[in-house]
Amino acid sequence: MTTPVFFPRLSTLALAAALLAGAAVPALAHGPKPHGEGGIASVPSKAVKAPFDIVHTRITTEGRTAVFHIGVAGKAGALKPTRTGKLAGSRVFSYVWPTTLDPAVVGFEPGGGTLAFAVTAHPDFDDTPLFDENGDGNPGNDGNLWHSHWVVLQPDEACGPGALKVADIPEGQQPRLPKTWPGLPLLIDSPGWSPRLKGDTLEVRVPFDDIAPVQAARFDGVAAALHVNASVHSPLLCVADVFKVASGQLSLPGQVETGAPQR
């Protein structure tokens, strides 16, 4: 896997270990909050490209809707992977909110891994077959636009020492899946909730039938690149490069707030 020269690579071993440890690791001290109160404030880093330099991460609830928010030091979504023309070996750029929510909350089997909400872009394939994001009448050519997913993350040494992957669905198995599962052999959902990228801010509004589990959850924020296996086989999608972790150690310290965000 090739690491872009303008991004630092954080240890995927540390990332996986922190996910498994949950909130046992103390978070970074909270500093100024340029995107409002609450959530996780992160110190800007000159070593991280500004569109992925997370400075604030927050989840709030408004009625039965959760608002996922990330603020960055530059323009949110300004960088996307370079198109390669093929699925194998291609890259996915992502903004991710790992949570303590059980995967069953959004329609997966319970207890299958770490449930994360993600906003991704990847010009070499489309994984939102139910939606035509660019409005051209073809729902299969929109992967280069920022779009949302639920994913279940699991550690897998095949992705590298201590690395994480989007959980594969083994051949022949038929696990419980959300209604908007895109048909890939992965624990991934493509619910169609549209991200709003404006200036240095990324937000997505996500409705729930029962908001109580969300209000009780903890979360973190991550900017990362994923890598499609060159053999397009299990593991299909690995976390290859971590650009920034909001808490510094993926300790999931964020507490979901009820009510409109404070500005």
Side-chain angles (χ1 to χ4, degrees), residues 10 12 14-23 25 27 39-40 42 52 54 57-60 66-70 92-122 127-128 146-156 159 162-169 175 177-178 180-182 184 186-193 195 202-206 208 213-227 235-256:
L10 302 184
T12 49
L15 181 66
L19 271 175
L20 293 173
V25 183
I40 307 167
S42 310
F52 292 119
I54 297 174
T57 308
R58 182 175 56 213
I59 301 175
T60 57
V67 182
F68 290 77
H69 167 105
I70 278 179
V92 176
F93 283 178
S94 60
Y95 298 92
V96 186
W97 293 259
T99 75
T100 58
L101 285 167
D102 191 285
V105 169
V106 298
F108 296 106
E109 296 283 356
T114 296
L115 182 66
F117 188 67
V119 171
T120 71
H122 39 77
D127 51 10
T128 58
W146 293 99
H147 55 279
S148 64
H149 293 291
W150 287 106
V151 295
V152 178
L153 300 174
Q154 296 175 347
D156 192 329
C159 288
L164 294 167
K165 69 175 181 180
V166 178
D168 296 284
I169 300 174
L177 295 165
T180 44
W181 174 63
L184 296 170
L186 297 169
L187 296 186
I188 184 172
D189 184 31
S190 301
W193 312 126
L202 163 64
E203 285 192 347
V204 194
R205 300 177 66 85
V206 180
F208 287 84
V214 180
Q215 292 172 329
R218 299 190 311 277
F219 65 90
D220 215 320
V222 176
L226 290 83
H227 188 274
L236 177 58
L237 191 57
C238 296
V239 179
D241 300 287
V242 180
F243 308 146
K244 182 79 175 275
V245 177
S247 69
Q249 302 169 38
L250 207 68
S251 52
L252 278 70
Q255 296 183 340
V256 178

Taking the side chain from [X] and the backbone from [Y], do they hold a donor-acceptor pair closer than 3.5 Å?
X	Y	result
T100	R218	yes
S94	A224	yes
E203	V67	no
H227	V239	no

Below 30° counts as parallel, above 60° as perpendicular, anything between as tilted: where do the rings of [X] and [Y] land?
X	Y	answer
W97	F68	perpendicular
F52	F93	perpendicular
W150	F208	perpendicular

Quiz prompt | L226 and H122: CA distance, side-chain angles, deciding distance, side chain to side chain contact (heavy atoms under 4.5 Å, CB included) verdict | solution = CA-CA 10 Å; L226 290 83; H122 39 77; over 6 Å; no
Non-hydrogen atoms of [X] and [Y] that approach each other most closely:
X	Y	result
P191	T180	CA-OG1, 3.6 Å
T128	H149	CG2-CE1, 4.1 Å
V222	P98	CG2-CG, 3.9 Å
D168	L236	OD1-N, 3.0 Å
P235	D156	CB-OD2, 3.9 Å
V151	I188	CG1-CG1, 3.8 Å

Quiz item: Would you say the side chain of D102 lies within less than 4.5 Å of the side chain of P213, judging by non-hydrogen atoms?
Solution: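 They are not in contact (no side-chain heavy atoms under 4.5 Å apart), so the answer is no.
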Practice problem: Measure the shortest side-chain to side-chain distance between V166 and L153 over non-hydrogen atoms and say whether it is less than 4.5 angstrom. | Solution: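 When only atoms from C-beta onward are counted, L153 and V166 do touch, with a gap below 4.5 Å.
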Quiz item: Hey, would you say the F117 and F219 ring centroids sit under 6.0 Å apart?
Solution: no
Any chance you could measure [X], atom [atom1], to [Y], atom [atom2], to the nearest 0.5 Å?
X	Y	atom1	atom2	result
I54	L202	CD1	CG	9.5 Å
I70	I59	CD1	CD1	9.0 Å
L250	T114	CG	OG1	8.5 Å
L177	L187	CG	CG	6.5 Å

Practice problem: Using only heavy-atom distances, determine whether the side chains of S247 and D220 contain a donor-acceptor pair under 3.5 Å. | Solution: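 The answer is yes; a qualifying pair exists.
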Quiz item: Side chains of T57 and H69: do they bring a donor and an acceptor to under 3.5 Å?
Solution: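 No, no side-chain donor-acceptor contact under 3.5 Å.
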Quiz item: Step by step, would you call V204 with Y95 a side chain to side chain contact (heavy atoms under 4.5 Å, CB included)?
Solution: CA-CA 11 Å; V204 194; Y95 298 92; over 6 Å; no
Quiz item: Would you find more than 12 non-hydrogen atoms of other residues, nucleotides or ligands less than 6.0 Å from Q215 atom CD?
Solution: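 Enclosed.
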